[in-house]
Novice: 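Have a look at this one before I ask anything.
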Amino acid sequence: MKSAQEDAYLEFVSARAKALYRSAYTLAAGDAHLAEDLVQETFSRIYVHWGRVSRADSPAAYAQTVMVRTFLSLRRRRSTAERPTGTVPDSADSSAHDSTLRITLMDALSQLPPRDRAVLLLRYWEGHTIEETARTLKLSNSAIRSQGTRALARLRALLGESLSDLVPH
């Protein structure tokens with residue numbers, strides 16, 4: 001028989017899985033497999049410490065922090081056996097959900113350093129404050145401001161005129 005703690009954990013996972021996946025997908029610059037791995041690793045880490053996490057002011061914010069830190073940690077490791085290829089495998093469903101705009105944006109995000117992606121995700125996608133983002137990334141508020149400004153400038157430079165062609169007027 002399941003305990004109340006296990007039920008609470010399963011309820012949390014059920015409630016937060018989609019939102020965490022969307023964030024992970026953005027961090028991973030459109031790499032669905034990496035996004036799934038990030039979410040799985042996040043939930044695994046949270047499960048181990050669920051007693052403490054469930055008593056936190058915001059378990060959802062705790063999960064977001066764990067996911068971002070896991071992502072940054074994975075990006076720092078250079079020993080991964082996975083290697084990018086120049087071809088995209090055929091998929092069973094060429095999903096109508098992905099628009100040209102989303103693909104272009106994800107491609108540009110993939111060219112940014114991982115920490116820049118993390119700052120952009122937390123500040124502009126998730127809508128976190130500078131202070132929340134600084135806490136999550138263990139940086140100062142001024143570092144978040146300057147890194148966010150530089151990351152946006154890099155993203156704009158990468159997108160160039162192509163973005164205005166894709167956005168309906």
Side-chain angles (χ1 to χ4, degrees), residues 1-84 88-89 91-99 102-103 105-110 112-141 143-145 147-148 151 155:
M1 182 149 203
K2 288 193 273 184
S3 72
Q5 284 245 343
E6 288 173 338
D7 288 341
Y9 172 77
L10 292 174
E11 185 178 318
F12 174 78
V13 168
S14 178
R16 295 300 308 159
K18 286 182 182 178
L20 273 177
Y21 178 78
R22 282 191 304 270
S23 295
Y25 187 82
T26 302
L27 274 176
D31 183 340
H33 299 293
L34 176 57
E36 290 169 358
D37 290 347
L38 284 170
V39 171
Q40 182 65 37
E41 181 67 22
T42 298
F43 284 139
S44 296
R45 290 179 183 197
I46 287 173
Y47 179 78
V48 172
H49 303 287
W50 180 247
R52 181 174 28 126
V53 173
S54 64
R55 291 186 306 272
D57 289 340
S58 176
Y62 187 97
Q64 184 83 26
T65 299
V66 168
M67 186 186 65
V68 169
R69 289 181 182 166
T70 299
F71 168 74
L72 292 173
S73 175
L74 287 173
R75 294 291 100 190
R76 279 191 286 268
R77 285 189 224 148
R78 301 279 184 215
S79 62
T80 181
E82 296 180 21
R83 299 287 178 241
V88 177
S91 64
D93 176 25
S94 59
S95 183
H97 300 295
D98 281 331
S99 67
R102 179 177 289 270
I103 292 168
L105 184 57
M106 288 298 166
D107 181 52
L109 282 170
S110 73
L112 295 177
R115 181 150 300 179
D116 285 354
R117 275 187 263 162
V119 169
L120 292 177
L121 168 85
L122 292 171
R123 286 285 294 130
Y124 302 103
W125 182 267
E126 295 292 327
H128 289 236
T129 65
I130 290 172
E131 294 76 17
E132 291 168 335
T133 304
R135 231 181 351 267
T136 298
L137 297 177
K138 295 183 178 177
L139 296 171
S140 68
N141 292 349
I144 294 299
R145 281 187 200 95
Q147 191 158 7
L155 189 59

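Atom set for the values below is all heavy atoms of this structure, side chains included, hydrogens, waters and symmetry mates excluded.
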Novice: Can you check side-chain contact (heavy atoms from CB on, under 4.5 Å) on Asp116 and Leu109, steps first, answer last?
Specialist: CA-CA 9 Å; Asp116 285 354; Leu109 282 170; over 6 Å; no
Novice: Once you round to the nearest 0.5 Å, how far does CD of Gln40 lie from CG of Leu20?
Specialist: 11.5 Å
Novice: Over all heavy atoms of both residues, which pair between Thr42 and Ala63 is shortest? Give the atoms and the distance, please.
Specialist: CG2-O, 3.5 Å
Novice: Once rounded to the nearest 0.5 Å, what's the spacing between atom CE of Met67 and atom OH of Tyr62?
Specialist: 14.5 Å
Novice: Supply the atom-to-atom distance Ile130 CD1 to Ser140 OG, rounded to the nearest 0.5 angstrom.
Specialist: 10.5 Å
Novice: To the closest 0.5 Å, what do you measure between CG (Leu34) and CG (Leu27)?
Specialist: 8.5 Å
Novice: Taking atom CD as the centre, does Glu131 end up with more than 12 heavy-atom neighbours from other residues, nucleotides or ligands that are less than 6.0 angstrom away?
Specialist: yes
Novice: Quick one: do Leu38 and Tyr25 satisfy side-chain contact (heavy atoms from CB on, under 4.5 Å)? Show the steps, please.
Specialist: CA-CA 9 Å; Leu38 284 170; Tyr25 187 82; over 6 Å; no
Novice: Which heavy atom in Arg69 sits nearest to a heavy atom in Arg135, and how many Å separate them?
Specialist: NH2-O, 3.1 Å
Novice: Between Asp31 and Met106, is any pair of side-chain heavy atoms under 4.5 Å apart?
Specialist: no
Novice: Strictly distance-based, threshold 3.5 Å: is any side-chain N or O of Arg123 a donor or acceptor partner for the main-chain N or O of Gly148?
Specialist: no
Novice: Sub-3.5 Å donor-acceptor pair from the side chain of Ser14 to the main-chain atoms of Glu11, do we have one?
Specialist: no
Novice: Any side-chain to backbone donor/acceptor pair from Gln147 onto Ile144? Under 3.5 Å, distance only.
Specialist: no
Novice: Ring-plane angle category for Phe12 and Phe43, please: parallel below 30°, perpendicular beyond 60°, tilted otherwise.
Specialist: perpendicular
Novice: Do Arg45 and Thr70 have side-chain atoms, one donor and one acceptor, less than 3.5 Å apart?
Specialist: yes
Novice: Quick check for you: to the nearest 0.5 Å, what is the distance between Thr129 atom OG1 and Glu132 atom CD?
Specialist: 3.5 Å
Novice: Kindly give the heavy-atom pair with the smallest separation between Tyr21 and Ala32, and that separation in Å.
Specialist: OH-CB, 3.4 Å
Novice: Considering non-hydrogen atoms only, spot the tightest contact between Ser23 and Leu121 and give its length.
Specialist: O-CD1, 3.6 Å
Novice: Measure the OH-OG1 distance between Tyr124 and Thr133 for me, rounded to the nearest 0.5 Å.
Specialist: 9.0 Å
Novice: How far apart are the closest heavy atoms of Ala134 and Asn141, and which atoms are they?
Specialist: CB-OD1, 3.3 Å
Novice: Below 4.5 Å, heavy atoms only, C-beta onward: do Tyr9 and Val53 meet side chain to side chain?
Specialist: no
Novice: Do Arg55 and Trp50 touch side chain to side chain, with heavy atoms closer than 4.5 Å?
Specialist: no
Novice: Any chance you could lay out the side-chain contact (heavy atoms from CB on, under 4.5 Å) test for Arg117 and Thr26, step after step, and finish with the verdict?
Specialist: CA-CA 8 Å; Arg117 275 187 263 162; Thr26 302; over 6 Å; no
Novice: Please give me the minimum heavy-atom distance between Ala35 and Ala28, naming the atom from each residue.
Specialist: N-CB, 4.1 Å
